[in-house]
Each structure stands twice: as structure tokens, then as C-alpha cells.
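A quick write-up on the structure given underneath.
Note that this is a predicted model, so its numbers are computed, not measured.
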Amino acid sequence: MIGDRTRLALVALLLALTGCSAPSPAASPHPAASSENPVPCSATGFDCDLQRRIAAAEDYIATRPGTVGVVLRDRETGAVWRNDHAEDLTWTASTIKLAMVVDLLHRSHTGAVHLTRDDRTALTAMLHASDDHAATHLWTKYGGHDHTLWNKAFPTYGMTSLAPQKGYSPTYPYWGYQKCTTADLDRLMTHVLDTLPPPDRAFILNEMRTVAPNQQWGVWGAGPAATPGNKDGWSEEDGGWVMNTVGFAGPAERYTLAIMNNLNNKGAYDEGRTTDTEIARLLFEGRF
């Protein structure tokens, strides 16, 4: 086990090697640095302020129950931080509903399906309140006779590691029993921001920015100045609770953030919600 003093020394060494000085012990844990005038740093592509924030997030994650996968992306510079658990297969919970919305909008544009008013209401319900009944209705209606159309399409949107899980539901594959990686969610969010037609992108971003109270955590913890949006997912599985969040923050959705927290029976909903929200706060609060 690495002690606190050793960990702080390693963080200071990393920052020094990249051209960033470590903050003094009396410094604010959230140093103010405008994203309009970042301090340039080498190698990582992240400015010094964000490098310090990443180091603080890593220290925090080390104290939390279970495993936490994180991917942070700067869409302007291309810099990406992936931690050691970013490629762990984890229950998607309701984050897969974002991929479902993307796929149905794509199929609607190509003429493969005709979305009714009720269908579009269900799309909104999935994003706004993470409505399970809406997801099941759409999954059944548009999954094809063998329910596989969804999973065949999802890799197109970046979900290349997505794996449906057998033995949990009479319907297979089923939206509620799938696993993916944090890197999958990062690629999905990037697809939404960089590839979708403007009207679809605007619809999804507006819904993610105005989610119901049951989803106002995770990336939401970036704070109102970051104008964040997110799609969260939470469920108690056979390996314990999972608490996941994916979304964006900053001017022009500059940053994307995906977090998958597998509690591994070492915590539950409250612990996971706190973990995800605090990571977003550490990375973004006071930055904008």
C-alpha cells in the first residue's frame, strides 16, 4: 500500500517532469485557471491546472470502494486520460440507453424505421428520467425477431467491447443485461458530439443538460458553470452495485467524461454516486 506521503511525492515528481509545479500544501485544492488561458504543459496535452486536477482525482479514487474506470477527453487538443480500469468490462446499467437513442435516430434518418410520436416520447423519457419501461418497449419493438439488431449496430457508435450477458432474462440479448468498458462510453459520447447530424445532436445534448433529479449526479458534479450534461446508469447486479455516468462539460462541450464504478459488494448506491460526482467536481469545479 502506497502511503500518503509517497503518493504526494510521486504526484509532485510527475508534475515536475511535465513542466508543472506541484501546488503548495496551503494552496486551494481547486486552483483557479481559466480554460481560455491555460498554462501550457508538455507531453500529456493537458494544461498544468488539469494535470493537477487529474492527480487529485487519482488520489481520491484510490480511497474509494470497488473499482473505478475513468476516461477524460479534451476534444480541442485531443488529449485523453484513461486510468487503469478504463478497459474493465462492467455492467452498463442504463448508460446503454444513450446508444439506443443514437441508433434509433440513425435508423429513422436512413428510412429503416418510422418513429411514431409515442416512440419519440419514449426516447425523451430514456434520456430525461432513464425510464426502464420506455427502454424495454423500444428494445422489443425495434430489436428484430431475434432481438439482435441493436447489438449489431452498437459497435458503429463506438461500443466495440459491448457484450450481452446470457442467463438473466428471457429475452436475449436484452438492454438491461450488457457489459461494456468506460472506453466504450467515451467513444459513444464522442460519436454523439462529432458525428451525429446537428438536429439529433442538439436534441440529445438538450436532454442530457436537463435531466431529471434522479440523474443529477456523476458528470453533473462539474457544476453549473460547466453547463454539463450526462446519462447515468445504476443497478444492483450479481457482483454488487454499479454506478456509471457519461457526459460532457465546458464551453462547446470541450471535455467529455465517462466513469464506470463497480462497487464489487464493497459499497452501494450512495457510495458510488458520491464517487462519480466527486471525480467530476475535482476535475472541473472552478475551472470555467
For this output row, return yes or no: ring centroids of Y255 and F284 closer than 6.0 angstrom. yes
When you compare the side chain of L115 with that of L104, does any pair of heavy atoms fall below 4.5 Å? yes
For H106, check ring-ring contact (aromatic ring centres under 6.0 Å, His included) against everything at least two apart and list the hits. none
Nearest-0.5 Å distance that lies between atom CD in E87 and atom CG in L89: 9.0 Å
A163 backbone acceptor or donor facing Q165 side chain under 3.5 Å: yes
Side-chain heavy atoms nearer than 4.5 Å, only ILVMFWY residues, links allowed to pass through others: does that put V80 and V68 together? no
Quick one: closest heavy-atom pair of R53 and G286, and the distance? NH2-C, 3.8 Å
Exercise: do D238 and Y168 side chains pair donor with acceptor under 3.5 Å: yes
Note: R287-D47 ion pair, threshold 4.0 Å (strictly below): yes
So SG of C180 and CG of D88: to nearest 0.5 Å the spacing works out to 11.0 Å
Hphob cluster co-occupancy, L193 + L283, side-chain heavy atoms under 4.5 angstrom: no
Tell me whether the count of non-hydrogen atoms from other residues, nucleotides or ligands lying under 6.0 Å of NZ in K141 goes above 12. yes
Rounded to the nearest 0.5 Å, what separates atom CG in L196 from atom OH in Y157? 9.0 Å
Separation between CH2 (W139) and CG (D132), nearest 0.5 Å, reads 13.0 Å
Closest approach of V71 to A86 (non-hydrogen atoms, all atoms of both residues): CG2-CB, 3.8 Å
For N83, enumerate each residue passing the side chain to side chain donor-acceptor pair (under 3.5 Å) test, keeping only those at least two apart in sequence or located in another chain. none
Do N151 and T148 pair up side chain to side chain, a donor and an acceptor below 3.5 Å, judged on atom types alone? no
Any salt bridge between R75 and D194, counting N to O under 4.0 Å? yes
E253: side chain to side chain donor-acceptor pair (under 3.5 Å) partners, not counting sequence neighbours: R201, R209
Going hydrophobic residue to hydrophobic residue with side-chain gaps under 4.5 angstrom, can you get from V242 over to L162? yes
Cut-off 3.5 Å, side chains only: do T245 and D232 have a donor facing an acceptor? yes
CG of N264: more than 12 outside heavy atoms within 6.0 angstrom? yes
Does a side-chain heavy-atom distance below 4.5 Å link Y142 with L149? no
Just verifying a value: how many Å separate T63 OG1 and E278 CD, rounded to the nearest 0.5 Å? 9.0 Å
Taking all heavy atoms of T277 and all of G218, pick out the closest pair and write down the distance. OG1-N, 2.9 Å
Any side-chain heavy atom of I96 within less than 4.5 Å of one from F154? yes
Closest approach of W81 and A57, non-hydrogen atoms and distance? CH2-CB, 4.2 Å
Is a side-chain N or O of N261 found less than 3.5 angstrom from the main chain of M243, in a donor-acceptor match? no
Does the side chain of V246 come within less than 4.5 Å of L257's, by heavy atoms? no
What distance separates L72 CG from I259 CD1, expressed to the nearest 0.5 Å? 9.5 Å
Could you check if a side-chain atom of I279 sits within less than 4.5 angstrom of a side-chain atom of Y60, using non-hydrogen atoms only? yes
Thinking salt bridges, do K97 and D131 make one under a 4.0 Å N-O criterion? no
Would you check, one step at a time, whether the test side-chain contact (heavy atoms from CB on, under 4.5 Å) holds for M126 with S130? CA-CA 4 Å; M126 285 199 298; S130 199; over 6 Å; no
Do T77 and D74 have a side chain donor and acceptor closer than 3.5 Å? yes
Heavy-atom side-chain proximity of T95 to T92 below 4.5 angstrom: yes
Would a 4.5 Å heavy-atom cut-off, applied to side chains only, mark T136 and W175 as touching? yes
Between L138 and M208, is there a shared hydrophobic cluster once you connect ILVMFWY residues whose side-chain heavy atoms come closer than 4.5 Å? yes
Please determine whether residues M260 and W220 belong to a single hydrophobic cluster, defined as Ile, Leu, Val, Met, Phe, Trp and Tyr linked transitively by side-chain heavy-atom distances below 4.5 Å. no
Presence of salt bridge, D184 and R187, under 4.0 angstrom: yes
Before giving the answer on side-chain contact (heavy atoms from CB on, under 4.5 Å), spell out for L127 and Q215 the whole-Å C-alpha distance, their side-chain angles and the decisive distance to 0.1 Å. CA-CA 9 Å; L127 292 176; Q215 293 195 96; over 6 Å; no
D186 and side chain to side chain donor-acceptor pair (under 3.5 Å): which partner among R82, R73, H191? R73
Taking the side chain as every heavy atom from C-beta outward, state whether Y174 and H147 have any atom pair closer than 4.5 Å. no
Which atom names give the shortest non-hydrogen contact between A249 and A222, and what distance separates them? CB-CB, 4.1 Å
